[in-house]
Number of protein chains: 2
Amino acid sequence: MATPAETSLLDVLRGIVGASNVLTGDGLEAYEVDWRKRHHGRALAVARPASTAEVAAVVRACAAHRTSIVPQGGNTGLVGGSTPDASGTQVLLSLTRMNAIRGVDVANLTMTVEAGCVLQVVQQTAAERGLLFALSLAAEGSCTIGGNLATNAGGTQVLRYGNAREQCLGLEFVTAAGEVCDDLAGLRKDNTGYDLRDLLIGSEGTLGIITAATLKLEPQPAARTTALVTLASIDDAVAWLGLAQARLGASLTGFEIMGAFALELVAKHFPQQRQPLEPAPWTVLIEQSDPESAEHAASVFESALETALERGLVRDAVLASSLEQSKALWHLRESIPLAQALEGLNIKHDISLPVSRIAEFVAATDAELQQAFAGVRLVNFGHLGDGNLHYNVQCPAGGDAAAFLREHEAAVNTLVYDAVTRRGGSISAEHGIGSLKREELVRRKSPVALQLMRAIKSALDPDGRLNPGRVV
Amino acid sequence: MATPAETSLLDVLRGIVGASNVLTGDGLEAYEVDWRKRHHGRALAVARPASTAEVAAVVRACAAHRTSIVPQGGNTGLVGGSTPDASGTQVLLSLTRMNAIRGVDVANLTMTVEAGCVLQVVQQTAAERGLLFALSLAAEGSCTIGGNLATNAGGTQVLRYGNAREQCLGLEFVTAAGEVCDDLAGLRKDNTGYDLRDLLIGSEGTLGIITAATLKLEPQPAARTTALVTLASIDDAVAWLGLAQARLGASLTGFEIMGAFALELVAKHFPQQRQPLEPAPWTVLIEQSDPESAEHAASVFESALETALERGLVRDAVLASSLEQSKALWHLRESIPLAQALEGLNIKHDISLPVSRIAEFVAATDAELQQAFAGVRLVNFGHLGDGNLHYNVQCPAGGDAAAFLREHEAAVNTLVYDAVTRRGGSISAEHGIGSLKREELVRRKSPVALQLMRAIKSALDPDGRLNPGRVV
């Protein structure tokens, strides 16, 4: 039962966004449960504003009623950052109705979009103008640009185009006081004061609510090459990466590494997917995006590959000879998380390290894990060009995965995160902190940095109403 | 005369950095007067620490003595951001002794350097490893990387590599409380909390003192093409930019525009410099950096240029056929500020706009200026690819420049900044705010943004000891 104060807030919210856009009661799982179904909450109401002014009014109403707000986009996050807590007192603010493309400026290579735009729609809108919006990740069919920015999403083209942060020129957001801060002009240089844009990006809705953004576009490349190569070691993969960077320059847009066991799981659970190369300790998927032509792309790529073969860095290679084959190679890579899920529960780590330390980290940590938990299987894959591994641990073959997680998840996390921390790495490369890694963050982030983060949170959201319990 | 408390602070500072590194008295113009000789201050002392621990100790000592600190690198800033005020009570903290290259990680494509490293030394250190540090600007022979980051410097390759911000992966800095925050691991992805790095970058020493940074390196390009082309209009230049971006892709690394009067001044004051093309309303200097070869670079560039000539975008063009010729073309561009200074005092504006609005802005604002101040001459040049113009106003020919500035500088600024503000542009694209543009910032920045900036300043430097009177 809502209290009288809550009933009064619901009435105010109905007045702002319309009665049909204030959802209460049962059947709100799509908003209250996260994508991985790990976090089950209960909202006082789901409010679905259609404009920035409505978002601001909702924030002011919640402030007046001392009610906290959980902003949500496509609800595809992996760290429990966008679902309500169990109290039933929070307002879930869904941005999905704010999905207008406000404009494309071809000469300026920018697009201004509302926070609720689905990433794929943004990509398609750019493509229709012969342009590229380069952010690309598994959830692109349902994640929203507001969520991508609030979590500083990464994905498969960071190597060339950067994270979500680097692909955004400016934001419109609503502050904790319900005021609108707007910086959507699309400037590539602006040194007028502190970088509020980058402070909001990656703050997971705890410092303000992103309502729109002006995004950087790129010319659409003339041709793409996709290739799969097999290698004996991560050291060889890092050397091949350096060679490819030097020879392909900025046309190297993807460099994804996959461990043998990751591809074994794909073979087991998706036997219909053809794996064109003999299994090897490591496989790399490379993507090249060329501004000139397919012929030029092939000639540059083949010349670099030849050098890699001569130097013994690469065992075997296959180039996609059609768009269909290219998609099939990407599909192998994209099937790993699903194959892993079909194999059973597992312990995920989204870590990053300097590229130069990846090989040593993997060798040492694999060994430490085997010593502590004999027989565990490593599903190791990720964005080698960014030093970002999804270093996931599966229970020993034939074991009871649920029991293994119950007994060992915390110890496995400690072992892996200790190994990462010792090497100056990050325990969250591209997924964020949310509620899932908040305690781990407190243990591992420098106390000075934590203190500054808390001071910033208090300064910008003094009553702690924006997405409480996340990040700091 | 120093007060007893000041004498006591000086003793403490001598204990920290050594007596020979606490400078007092006369003869400190190199620290107390800015590069343009517009801001003349007086410091209680210049402290020259040699390590991060010494910087932290100096900050703690100054806090204990309620003394404010002005950090300084190469003292090449253009907005009065790094010289002391006239009170004689501030400690000037010079970072120039902290000039170690801490390390280069070739596989990770990073270099860790101390704040006092001169930019050119960083560039050369990268080049010695066959790598590129892509930040490049006029003052590179004497500016320091700490100052570059504190002001988020721009320069001539932003089009391809971004501002100083985009070329930095992490910072070490000293907080207002004298604690050290360190994030130098060189990660390309790290979503563990608020983006303190980008908050410090561009904060001009008001939120913390940058002591070291880990910088992004790039493979050294195999070949460069430098060309000069003449055009009839800015519209044509914007169309040529779009064409070059599509055809050259990321190998387009520079696109500098120069107005006719700017090059006229170079011809007048540096007659020995050869200008290879017939004068035209606009001239563009283009730089292409190719990962393959000189032959490939030339073939791609010439094909794009041919299209531009066919479309009537470009009147005439010349390609440098040697490194020497390339340097001569760049020298023309770099001589503009000096030629302008030799012509007499002038009113500088470092503005940015969306690239798509530059042509209309220049046409309308030129006309407004002529109407208000008949005969003024526009020295207009800058980084068209970034929407960044140095839109400078010189008094009418034969006029008394000093008198013109006394009488009209404020009104000229208002006219130009009003025109910029109406179009959503920035009054400081790459130079920062310092003390020079602080009042203008208050007039023109959104009140909501200003309020957030002040809240952040209070949170991170509650006693206002770090570079007071700058930015906010």
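By convention in this document, chain letters (A, B, ...) are assigned in the order of the sequence lines, proteins followed by strands, and residues within each chain are numbered from 1.
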Using atom types as modelled, flag every donor-acceptor pair under 3.5 Å from a side chain in residues 197-204 of chain A to any protein atom, sequence neighbours excluded.
residue	atom	partner	partner atom	Å
A/R197	NH1	A/L169	O	3.3
A/D198	OD1	A/R165	NH1	3.3
A/S203	OG	A/L200	O	2.7
A/E204	OE1	A/G434	N	2.7
A/E204	OE2	A/I433	N	2.7

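Residue B/I358: no heavy atom, backbone or side chain, is found under 4.5 Å from chain A. Residue contact with chain B, scored on non-hydrogen atoms closer than 4.5 Å, involves the backbone and the side chain of A/I427 alike. Heavy atoms closer than 4.5 Å to chain B are found in the backbone of A/V180, but not in its side chain. Only the side chain of A/E292 comes within contact range of chain B, with heavy atoms under 4.5 Å apart. Within the 4.5 angstrom heavy-atom criterion, no atom of A/S251 approaches chain B. The contact between A/D190 and chain B is made by backbone and side chain atoms together, counting heavy-atom distances below 4.5 Å. Using a 4.5 Å cut-off between heavy atoms, A/P219 touches chain B through its side chain atoms alone. If you measure heavy-atom distances from A/N388 to chain B, the contacts under 4.5 Å come from the side chain alone. For chain A, no part of B/S303 is nearby; none of its heavy atoms comes within less than 4.5 Å. No part of A/K437 comes within reach of chain B, as not one of its non-hydrogen atoms sits under 4.5 angstrom from that chain.
Residues B/P354 and A/A185 come closest through the heavy atom pair CG-O, 3.3 Å. Residues A/L452 and B/L460 share a closest heavy-atom pair of CD2-CG, 4.0 Å. The nearest pair of heavy atoms linking A/M453 to B/G193 is CE-CA, 3.6 Å. Contact detail for A/S356 and B/N108: the closest heavy-atom pair is OG-CB, 3.9 Å. Heavy-atom minimum distance, A/T192 versus B/S428: CG2-N, 3.7 Å. The two residues A/C181 and B/V448 have their closest heavy-atom pair at CB-CG1, 3.9 Å.
Heavy-atom pairs under 4.5 Å with chain A peak, among B/S352, B/G249, B/G154, at B/S352. Among the candidates B/A449, B/G387, B/G242, B/G186, the residue making the largest number of heavy-atom pairs closer than 4.5 Å to chain A is B/A449. Comparing B/A429, B/A250, B/A239, B/P291 by how many heavy-atom pairs each has under 4.5 Å with chain A, the most go to B/A429. Most heavy-atom pairs under 4.5 Å with chain B: of the set A/E440, A/E430, A/R444, this distinction falls to A/E430. Contact count versus chain B (heavy atoms, under 4.5 Å) is highest, among A/L196, A/D290, A/D350, for A/L196. Of the residues considered (A/A459, A/P462, A/A222), A/A459 shows the highest number of contacts with chain B, using heavy-atom pairs under 4.5 Å. Of the listed residues A/T110, A/L184, A/L241, A/T206, the one with more heavy-atom pairs under 4.5 angstrom with chain B than any other is A/T206.
Here OG of A/S426 is found 6.0 Å from CG of B/L187. Values are rounded to the nearest 0.5 Å. Of the inter-residue distances, the one linking A/Y194 atom OH with B/R454 atom CZ reads 10.5 Å to the nearest 0.5 angstrom. If you take OG on B/S446 and CD on A/E179, they are separated by 9.0 Å, rounding to the nearest 0.5 Å.
Contacts from residues 156-164 of chain A to chain B, taken as heavy-atom pairs separated by less than 4.5 Å, involve A/V158, A/R160, A/N163 in sequence order.
A/D386 pairs by the salt bridge (Lys or Arg N to Asp or Glu O under 4.0 Å) definition with B/K189, not counting sequence neighbours. In this structure, B/R129 has no salt bridge (Lys or Arg N to Asp or Glu O under 4.0 Å) partners at least two apart in sequence or on a different chain.
For the pair B/N191 and A/H431, the minimum side-chain heavy-atom distance is 4.5 Å or more. Side chains of B/Q245 and A/E218 form no contact here, defined as non-hydrogen atoms less than 4.5 Å apart. The shortest distance between side-chain heavy atoms of A/R188 and B/H383 does not fall below 4.5 Å.
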